[in-house]
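Below: one structure, written as structure tokens.
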Amino acid sequence: MATVKQLSMGAATFSLALATGFVMQNKDALASRFGGDTQAEAPQRFAQATQAPTDAMPALIAPASASNVAVILPASLESPTQADAPKQLATLDPGLAPDPRPAPLLGADCGPQISATPVPPSALDVSVEAPCHKSTPFTVHHQGMMFTALTDDTGRASFTMPALAEVAVVIAAFDDGEGNVATTTIPDFAAYDRAVLQWQGDAAVMLSAYEKGAGFGDSGHIFTGNPGAPERVDTDGGFLMRLGENAGEHPLFAEVYTVPTTAIGESTDVLLSAEAEITSDNCGREIAAQSIQIAPSGQTSALDLTMVMPGCDAVGDFLILQNMFQDLTLAAR
């Protein structure tokens with residue numbers, strides 16, 4: 001097994017809202033993420049975290065919290081049902097937020113429409129109709145999570161996404177200021193824990209969940225290469241959804257791990273980590289990412305990461321970003 005190397009990087013190249021260690025290792029030795037010389041103390045479960053943006057790169061997204069759930073939209077985009085939605089709103093990075101000025105009217109039948117329907121396990125089927133935005137990227141906002149979606153050549157888009165709030169508010173926002181919002185209630189929301197990793201562009205990061213002592217590549221290692229299926233929740237396992245289309249100038253991506261709060265039989269642990277592959281596209285460059293964790297109660301915590309990747313002589317290795325997530329203990333049913 002390859003030796004796990006502890007990286008030492010200056011404060012100018014690495015910053016995180018709470019103390020976070022990381023190790024680098026070869027791609028065939030990721031199971032060693034549980035070792036190493038030192039480990040930073042894990043943050044208190046679902047503790048609030050904030051971080052001021054660095055001069056080199058602004059924060060990707062305002063940290064999510066219980067009072068920070070959606071993006072501000074122009075008043076003309078509010079749906080008739082929004083009166084029942086939560087009123088707390090987040091401010092996004094100015095470079096990513098839609099233009100707050102009302103967009104020109106495109107016709108009575110031209111404005112984007114969005115619908116969201118709850119589906120098990122604790123997810124949403126989302127449909128967008130935007131006949132004047134054919135083959136056009138747009139940003140989906142939900143409870144602090146953001147990702148890029150894309151309409152087809154008829155102006156339609158449909159996708160399934162995990163729900164991150166019991167009263168789910170989903171926003172579709174186009175770059176020209178057009179958009180709409182849908183709200184619905186998730187009946188099985190309290191039955192699951194959720195972890196989100198999100199980033200912009202080609203950061204080459206991924207979310208890993210190691211269930212029941214699994215090592216890298218085992219069947220219990222849930223990641224983009226082995227995402228599992230939603231049906232695993234019936235046998236006390238979790239699954240991962242990857243969200244985002246590589247479209248537009250600044251595409252946004254997210255990965256969401258969903259797992260039942262209780263395990264069949266004995267209690268079990270799930271170890272969570274954010275991992276970044278060093279590639280020819282990101283070596284020596286600054287990347288930004290954010291982790292979000294949502295408890296079954298709806299309480300939310302977030303950590304922001306900004307770091308400079310190692311040089312291109314390390315292409316093919318991985319960074320294991322420790323303590324961006326709080327590991328989970330699933331109680332026995």
Side-chain angles (χ1 to χ4, degrees), residues 4 6-7 9 13-25 27 29-36 39-43 45-47 49 51 57 59-61 63-64 144-147 162 164 193-211 214-217 221-227 238-244 252-259 269-279 282-283 285-294 300-310 314 317-328:
V4 178
Q6 197 82 18
L7 290 184
M9 302 182 74
T13 62
F14 181 78
S15 60
L16 189 61
L18 295 180
T20 299
F22 54 97
V23 299
M24 183 178 77
Q25 59 191 42
K27 63 180 70 177
L30 278 177
S32 300
R33 57 137 356 238
F34 308 120
Q39 292 249 355
E41 182 179 356
R45 181 170 173 82
F46 302 116
Q51 176 186 346
M57 177 178 292
L60 177 66
I61 298 167
M145 179 174 69
M146 298 165 57
F147 61 91
L164 305 185
D193 276 281
R194 301 155 188 84
V196 180
L197 183 67
Q198 59 183 356
W199 67 94
Q200 184 179 69
D202 56 359
V205 296
M206 69 179 188
L207 169 60
S208 280
Y210 296 88
E211 301 176 346
F216 180 80
H221 174 205
I222 305 302
F223 69 113
T224 186
N226 180 41
F239 66 98
L240 182 136
M241 282 190 180
R242 184 181 174 97
L243 305 167
L252 301 168
F253 302 92
E255 292 181 350
V256 185
Y257 173 71
T258 303
V259 66
D269 291 334
V270 178
L271 305 183
L272 300 170
S273 73
E275 298 162 359
E277 182 180 6
I278 304 168
T279 70
N282 67 18
C283 58
R285 291 177 48 197
E286 190 170 70
I287 65 170
Q290 184 186 62
S291 65
I292 305 174
Q293 265 184 280
I294 303 94
T300 301
S301 66
L303 290 174
D304 293 323
L305 167 71
T306 301
M307 64 174 294
V308 174
M309 296 291 281
D317 290 348
F318 280 77
L319 297 181
I320 310 303
L321 309 173
Q322 299 169 348
N323 301 335
M324 284 196 73
F325 295 97
Q326 177 69 42
D327 295 334
L328 303 174

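Heads up: numbering here begins at 1 and tracks the sequence. The shown structure was predicted, so the numbers you read here are calculated from the model rather than taken from an experiment.
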Discussion item. Let's go through Thr258 and Val256 carefully: what are the C-alpha distance in whole Å and the side-chain angles of both, what is the deciding distance for side-chain contact (heavy atoms from CB on, under 4.5 Å) to 0.1 Å, and is it a yes or a no?
Written reply: CA-CA 6 Å; Thr258 303; Val256 185; 4.1 Å; yes
Worksheet entry | Partner residues of Ser208 under the side-chain hydrogen bond (donor to acceptor under 3.5 Å, both in side chains) criterion, sequence neighbours left out | His221, Glu275
Fill in: Minimal non-hydrogen separation, Ser273 against Tyr210, with atom names
OG-CE1, 3.9 Å
Item to complete: Provide the closest heavy-atom pair for Val205 versus Ala276 in the form atom of the first, atom of the second, distance.
Response: CG1-CB, 3.6 Å
Worksheet item: Out of curiosity, Gln198 CD to Ile292 CD1, how far, rounded to the nearest 0.5 Å?
Response: 4.5 Å
Worksheet item: Got Glu211 and Ile222 here, is their nearest side-chain heavy-atom distance under 4.5 Å?
Response: yes
Worksheet item: Rounded to the nearest 0.5 Å, what separation is found between the CE atom of Met307 and the CD atom of Glu286?
Response: 10.0 Å
Discussion item. With rounding to the nearest 0.5 angstrom, report the OG1 to CG distance, Thr300 to Leu164.
Written reply: 8.0 Å
Response to the item:
All heavy atoms of Gln326 vs all of Gln293, minimum pair found to be N-OE1, 2.5 Å
Practice prompt. Taking Asn282 for its side chain and Glu277 for its backbone only, find out whether a donor-acceptor pair lies under 3.5 Å.
Written response: yes
Practice prompt. Test side-chain contact (heavy atoms from CB on, under 4.5 Å) on Glu255 and Tyr257 and set out the steps.
Written response: CA-CA 7 Å; Glu255 292 181 350; Tyr257 173 71; over 6 Å; no
Worksheet item: How about Leu272 and Leu328: do any of their side-chain heavy atoms sit closer than 4.5 Å?
Response: yes
Fill in: Spatial distance of atom CG (Leu197) from atom OG1 (Thr224) [nearest 0.5 Å]
11.5 Å
Worksheet entry | By salt bridge (charged side-chain N to carboxylate O under 4.0 Å, His left out) - contacts of Asp202 (at least two apart) | Arg285
Worksheet item: Just how far is it from atom CE of Met309 to atom CD1 of Ile287, taken to the nearest 0.5 Å?
Response: 4.5 Å
Worksheet entry | Residues which pass ring-ring contact (aromatic ring centres under 6.0 Å, His included) with Phe147, listed by chain and number, not counting sequence neighbours | Phe159
Worksheet entry | Met145 side, atom CE; Ile294 side, atom CD1 - distance, nearest 0.5 Å | 8.0 Å
Item to complete: Indicate yes or no: at least one non-hydrogen side-chain atom of Leu207 is less than 4.5 angstrom from one of Ser291.
Response: no
